[in-house]
Amino acid sequence: MKRLKIIEKLSQFHTASKDELAELIDNISDSELEFLRQKAQKTAQKHFGNKIFVRGLIEFSSFCKNDCLYCGIRRSNKNAVRYRLTKEQIMQCCRQGYELGFRTFVLQGGEDGWFDDDKMCDIVKAIHNEFEDCAITLSLGERSFDSYKRLFECGADRYLLRHETADEEHYGKLHPKEMSLKNRKNCLYNLKKIGYQTGAGFMVGSPYQTTQALVEDLMFLQDLKPQMCGIGPFIHHNDTPFAREIDGSVRQCLLLLSIIRLMHPNILLPATTALGTADKFGREKGILHGANVVMPNLSPIAHRKDYSLYDSKICTGDEAAECIKCLSGRMKNIGYTLTVDRGDYKKIDE
Ligand code: SAH
């Protein structure tokens with residue numbers, strides 16, 4: 001009974017205490033999870049109907065100056081194949097995406113100093129000029145306030161920067177000494193202040209993650225109030241220090257998607273590629289648990305497998321057109337349709 005009450009409270013008031021959240025994370029039964037799932041799905045449907053937003057992901061650089069212990073493109077991974085797309089290649093990806101109906105492009109890469117503000121601004125402006133009706137999302141890691149501001153002024157609309165974990169101690173176990181949770185959070189607050197639709201997020205089941213850390217993640221989201229939140233299971237990568245760590249659980253990821261949907265009824269919440277990698281029907285399950293976004297890959301096939309954050313990543317061999325066909329079929333099978341819409345965040349009065 002206790003947990004059903006917590007779920008009711010989340011659904012009605014969009015909040016719960018730390019203890020209540022921990023109780024759900026630790027002890028939810030399958031039937032209670034089903035109850036939560038239905039509430040989350042209904043909430044998503046109330047705001048978005050049966051429409052799923054599509055973001056075209058362009059992975060434009062696999063160079064990274066950081067050394068995050070979980071990530072396959074960390075700088076110490078000597079086996080990682082490094083590539084950079086040229087501006088023209090990026091524009092080609094957008095053109096192809098536009099033809100296929102994409103109205104949001106996400107440029108994601110490692111933290112690659114080669115793409116300084118001048119180069120990035122040039123690319124953002126070019127996309128903005130050629131595709132006026134499209135939203136431009138950046139996911140380039142940590143940069144200065146001024147850099148974020150310049151990119152925003154050049155036409156970037158959104159920024160994805162997962163906080164990865166909101167627990168200091170845990171953050172320290174996933175990252176090298178020179179990185180800090182404080183700076184990560186600061187970047188997120190800066191992005192919001194500048195006016196970006198901002199996305200935070202974290203991995204589920206990353207090594208050393210505790211229930212307390214997950215509760216902190218949920219608390220941090222309540223504080224930041226991001227417009228988007230990306231979560232996916234941790235998946236090991238063979239050439240990292242976490243090669244032998246256990247992958248995150250799909251069930252726990254789905255549970256968290258549903259909790260986040262109830263805490264942030266109109267948030268943009270992707271069913272991630274990592275979720276689709278951990279489970280053949282992970283993305284479908286994600287949508288049924290309250291997610292409302294999918295992010296198929298628009299990167300050139302020749303480089304897909306080199307943007308290897310974790311092992312066994314799906315869709316590394318498929319043309320964008322095939323990806324969108326496959327995804328649209330998958331969504332149709334569960335009663336949803338992909339929409340050609342920028343899918344901007346919309347405020348609600350509640
Ligand atoms: N450099 C950018 C993009 C990082 S890659 C940035 O710092 O934001 C995008 C996301 O992939 C990361 O934020 C991380 O949460 C996720 N990721 C990295 N390695 C992963 C792994 N081994 N398993 C699951 N997700 C991973």
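When a ligand or atom number is given, it counts from 1 through the structure's own listing order. Bear in mind that the values here come from a model prediction, so they are computed numbers and not experimental data.
The distance criterion of under 3.5 Å between nitrogen or oxygen atoms is met by Arg162 with respect to ligand 1. Considering backbone and side-chain atoms alike, Gln108 places every N or O at 3.5 Å or more from each N or O of ligand 1. Taking distance alone, with nitrogen or oxygen atoms compared against 3.5 Å, Leu160 stays at or beyond that limit from ligand 1.
The aromatic rings of Phe60 and Phe115 sit perpendicular, their planes meeting at an angle over 60°, well past the 30° parallel limit. Ring planes of Phe131 and Tyr98: tilted class, angle from 30 to 60°.
The ligand atoms of ligand 1 that sit less than 4.0 angstrom from a heavy atom of Leu161 are 8 (O). Residue Cys71 has at least one heavy-atom neighbour below 4.0 Å for each of these atoms of ligand 1: 19 (N).
Heavy-atom distances between Arg184 and ligand 1 reach below 4.0 Å in at least one pair. Heavy-atom distances between Cys68 and ligand 1 stay at or above 4.0 Å for every pair.
Ranking the protein heavy atoms by distance from atom 11 (O) of ligand 1 puts Leu309 CD1, 3.5 Å first. Scanning the protein for heavy atoms near atom 17 (N) of ligand 1, the closest one is Met203 SD, 4.0 Å. Remark: minimum distance from atom 15 (O) of ligand 1 to any protein heavy atom is reached at Glu164 OE1, 2.6 Å. Ranking the protein heavy atoms by distance from atom 3 (C) of ligand 1 puts Gly109 O, 3.6 Å first. Counting only heavy atoms of the protein, atom 19 (N) of ligand 1 lies nearest to Tyr70 CD1, 3.3 Å. In terms of protein heavy-atom proximity, atom 22 (N) of ligand 1 is closest to Ile235 O, 2.7 Å.
The pair Lys285-Asp279 meets the salt-bridge criterion, since a charged nitrogen lies less than 4.0 angstrom from a carboxylate oxygen. Between Arg84 and Asp112, at least one side-chain nitrogen of the basic residue sits less than 4.0 Å from a carboxylate oxygen of the acidic one, meeting the salt-bridge criterion. Checked for salt-bridge contact, Lys18 and Glu216 meet the test: a charged N lies under 4.0 Å from a carboxylate O. The existence of a salt bridge linking Asp117 and Arg143 is confirmed by a sub-4.0 Å separation between a basic side-chain nitrogen and an acidic carboxylate oxygen. Comment: Arg150 engages Asp118 in a salt bridge, judged by a side-chain N to carboxylate O separation of less than 4.0 angstrom. Ion pair Lys182/Glu168 not flagged as a salt bridge, since none of the NZ, NE, NH1 or NH2 atoms sits closer than 4.0 Å to an Asp/Glu carboxylate oxygen. Residues Arg95 and Glu88 are paired through a salt bridge, judged by an N-O separation under 4.0 Å between the basic side chain and the carboxylate.
When the options Gly110, Pro233, Ala278 are ranked by their closest heavy atom to atom 24 (C) of ligand 1, first place goes to Pro233.
By the criterion of a heavy-atom distance under 4.0 Å, neither the backbone nor the side chain of Ser206 is placed next to ligand 1.
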